[in-house]
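In listed order, ligands and their atoms are each counted from 1. One is the number of the first residue; the rest follow in order along the sequence.
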Amino acid sequence: MKLILLGAPGAGKGTVAKLLTALDGSVQISTGDILRGAVQAGTELGKEAEGYMKRGDLVPDSLIMGIMEKRLQEPDCAKGFLLDGFPRTIPQAEALKELLAKLGISLDLVVNIAVPREVILDRLTTRRTCENPKCQAIYNVKSSPPKKEGICDKCGAKVVQREDETEEAISHRLATYNEKTAPLIGFYEKEGLLYTVEAVDSDTVVNGIKGKLGL
Ligand code: ADP
Ligand code: ZN
């Protein structure tokens with residue numbers, strides 16, 4: 001399947017993407033994970049992106065498009081992909097449309113995961129992330145803590161609160177979402193690709209998508 005997952009930070013895009021990869025071997029492509037990996041590794045890309053990310057601002061469109069143009073041409077994308085956190089602005093959506101046309105790829109669906117703001121805020125402040133850039137497993141201090149406090153179940157690295165998950169950075173990220181990313185809902189509605197699911201629980205979202213795709 002070839003999908004875009006839209007939704008505010010904390011809507012569960014990453015969780016839904018992981019569940020979907022298990023269905024047909026499509027790959028999850030998270031621009032946030034790619035960028036955090038680059039920051040940790042100290043690459044040129046990471047150095048350019050770091051300041052924006054810490055403040056909860058978007059990284060410039062040109063940087064993101066450079067990453068995605070390469071990523072979508074890697075062989076593992078042939079089976080399908082789930083775009084998680086991209087596109088995030090109208091210019092990115094327009095550039096993606098052109099890129100996909102050039103590569104001869106067509107999207108199956110754009111899923112808009114709609115979750116109430118109170119749920120989002122609660123999730124983001126209690127979210128914790130494995131600091132190992134190759135793992136980046138996600139935990140929640142209330143609903144799914146690691147077995148041993150502060151230690152990742154999967155890789156043994158430290159589980160920490162992301163720098164952009166302080167209350168101030170979170171409200172800034174949500175404002176940025178409303179201003180820059182929410183307009184994509186209308187963009188993809190016009191393209192005839194939009195499917196909105198209102199659900200707090202990721203399994204319900206996945207079942208809705210399966211139904212829509214006839215899986
Ligand atoms: P979220 O939980 O906000 O969905 P992500 O992991 O997707 O977080 O992204 C973390 C940060 O990485 C964003 O706040 C932004 O700075 C940067 N980022 C990720 N994807 C994009 C994108 N498509 N365009 C611009 N910046 C991005
Ligand atoms: Zn880990």
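With hydrogens left out, the protein atom closest to atom 10 (C) of ligand 1 is Arg36 NH1, 3.5 Å, a heavy atom. In terms of protein heavy atoms, atom 11 (C) of ligand 1 is closest to Met53 CE, 4.0 Å. Ranking protein heavy atoms by distance to atom 26 (N) of ligand 1, first place goes to Val59 N, 3.0 Å.
Taking 4.5 Å as the limit, every side-chain heavy atom of Val110 sits out of range of all side-chain heavy atoms of Leu184. Counting heavy atoms from C-beta outward, Pro9 and Ile120 have side chains that stay 4.5 Å or more apart.
Under a cut-off of 6.0 angstrom, the local environment of CD in Glu191 is crowded, with over 12 non-hydrogen atoms contributed by other residues, nucleotides or ligands. The environment of Glu163 atom CD is sparse: at most 12 non-hydrogen atoms of other residues, nucleotides or ligands sit within 6.0 angstrom. More than 12 non-hydrogen atoms from other residues, nucleotides or ligands lie less than 6.0 angstrom from CZ of Phe187.
The distance cut-off of 2.8 Å around the Zn ion (ligand 2) captures these protein N, O or S atoms, sorted by chain and number: Cys130 SG, Cys135 SG, Cys152 SG, Cys155 SG.
For ligand 1, the polar-atom distance check finds no N/O of Leu35 at less than 3.5 Å from any of the ligand's N/O atoms. For ligand 1, one of its N or O atoms has an N or O atom of Arg173 under 3.5 Å away. The distance criterion of under 3.5 Å between nitrogen or oxygen atoms is not met by Glu165 with respect to ligand 1.
With sequence neighbours excluded, no residue satisfies side-chain hydrogen bond (donor to acceptor under 3.5 Å, both in side chains) with Ser144. Taking the side-chain hydrogen bond (donor to acceptor under 3.5 Å, both in side chains) definition, one finds that Glu179 meets it with nothing, sequence neighbours left out.
Looking at Ile64 against ligand 1, only its side chain comes within 4.0 Å, counting heavy atoms. Contacts between Arg127 and ligand 1, counted as non-hydrogen atom pairs separated by less than 4.0 Å, involve the side chain only.
For the 3.5 Å distance criterion, the side chains of Asp61 and Thr89 qualify, holding a donor opposite an acceptor. In the model, His172 has no side-chain atom that pairs as donor or acceptor with a side-chain atom of Asp164 under 3.5 Å.
Clustering of Ile, Leu, Val, Met, Phe, Trp and Tyr side chains at separations under 4.5 Å places Tyr139 together with Val159.
Heavy-atom contacts of Gln92 reach the following atoms of ligand 1: 22 (C), 23 (N), 24 (N), 25 (C) (cutoff under 4.0 Å). With ligand atoms numbered from 1 in the order given, ligand 1 contributes 15 (C), 16 (O) to contacts under 4.0 Å with heavy atoms of Asp57. Residue Thr31 approaches ligand 1 through these ligand atoms, each under 4.0 Å from one of its heavy atoms: 19 (C), 20 (N), 21 (C), 23 (N).
Within the 3.5 Å criterion, the main-chain N or O of Asn140 finds no donor-acceptor partner in the side chain of Arg128.
For Arg88 and Phe86, the positive end is not near the middle of the six-membered ring at less than 6.0 Å and at most 45° from its axis.
The heavy atom nearest to atom 7 (O) of ligand 1, out of those in Arg88, Lys13, Arg162, is found in Arg88.
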